[in-house]
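Only heavy atoms go into these numbers, but all of them, side chains included; no hydrogens, no water, no symmetry mates.
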Amino acid sequence: MPIIRVEMLPGRTVEQKREFAHAVTDLASDVLGCGKEAIAVVFDEVAPHNWANGGLLESDKAAGHT
């Protein structure tokens with residue numbers, strides 16, 4: 001069973017997650033040759049203070065710290 005984990009900052013709507021899960025499941029099913037029911041998509045929302053890019057926390061970027 002393929003498990004597709006998506007880590008992202010909070011803020012996406014349920015509809016966006018639904019659309020993404022549908023699209024990724026379709027593609028994975030086609031490429032991997034398995035049924036859609038075998039594919040799991042897991043969304044992990046990571047708090048901005050637990051995510052850094054380029055050495056800067058996302059929470060600091062949002063607060064204007066550089």
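Between the CZ atom of Arg12 and the CD atom of Glu45 there is a distance of 8.5 Å, given to the nearest 0.5 Å. Note that CZ of Phe43 is 9.5 Å distant from CD1 of Ile4, once rounded to the nearest 0.5 Å. Between the CG atom in Asn53 and the NZ atom in Lys61 there is a gap of 4.5 Å [rounded to 0.5 Å]. Note that CG of Asn50 and CG of Asp44 are 12.0 Å apart. Values are rounded to the nearest 0.5 Å.
A 4.5 Å side-chain heavy-atom check between Pro48 and Pro10 finds at least one atom pair inside the cut-off. For the pair Val42/Val6, no side-chain contact is recorded, criterion being any heavy-atom separation below 4.5 Å from C-beta on. By the 4.5 Å heavy-atom criterion applied to side chains, Glu37 and Met1 are not counted as neighbours.
Hydrophobic clustering keeps Trp51 apart from Leu57 (ILVMFWY residues linked when any side-chain heavy atoms are closer than 4.5 Å, directly or through intermediates). No continuous path of ILVMFWY side-chain contacts below 4.5 Å connects Leu27 to Ile39, so the two sit in separate hydrophobic clusters.
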Would Glu58 and Asp60 satisfy side chain to side chain contact (heavy atoms under 4.5 Å, CB included), going step by step from the backbone distance to the final call? CA-CA 5 Å; Glu58 288 298 318; Asp60 288 344; over 6 Å; no
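In plain terms, the two heavy atoms of Pro2 and Leu32 that are nearest each other are CG-CD1, 3.8 Å.
Other residues, nucleotides and ligands place no more than 12 heavy atoms under 6.0 Å from the CD atom of Glu19.
Ser29 contributes no side-chain N or O that, together with a main-chain N or O of Gly35, makes up a donor-acceptor pair within less than 3.5 Å.
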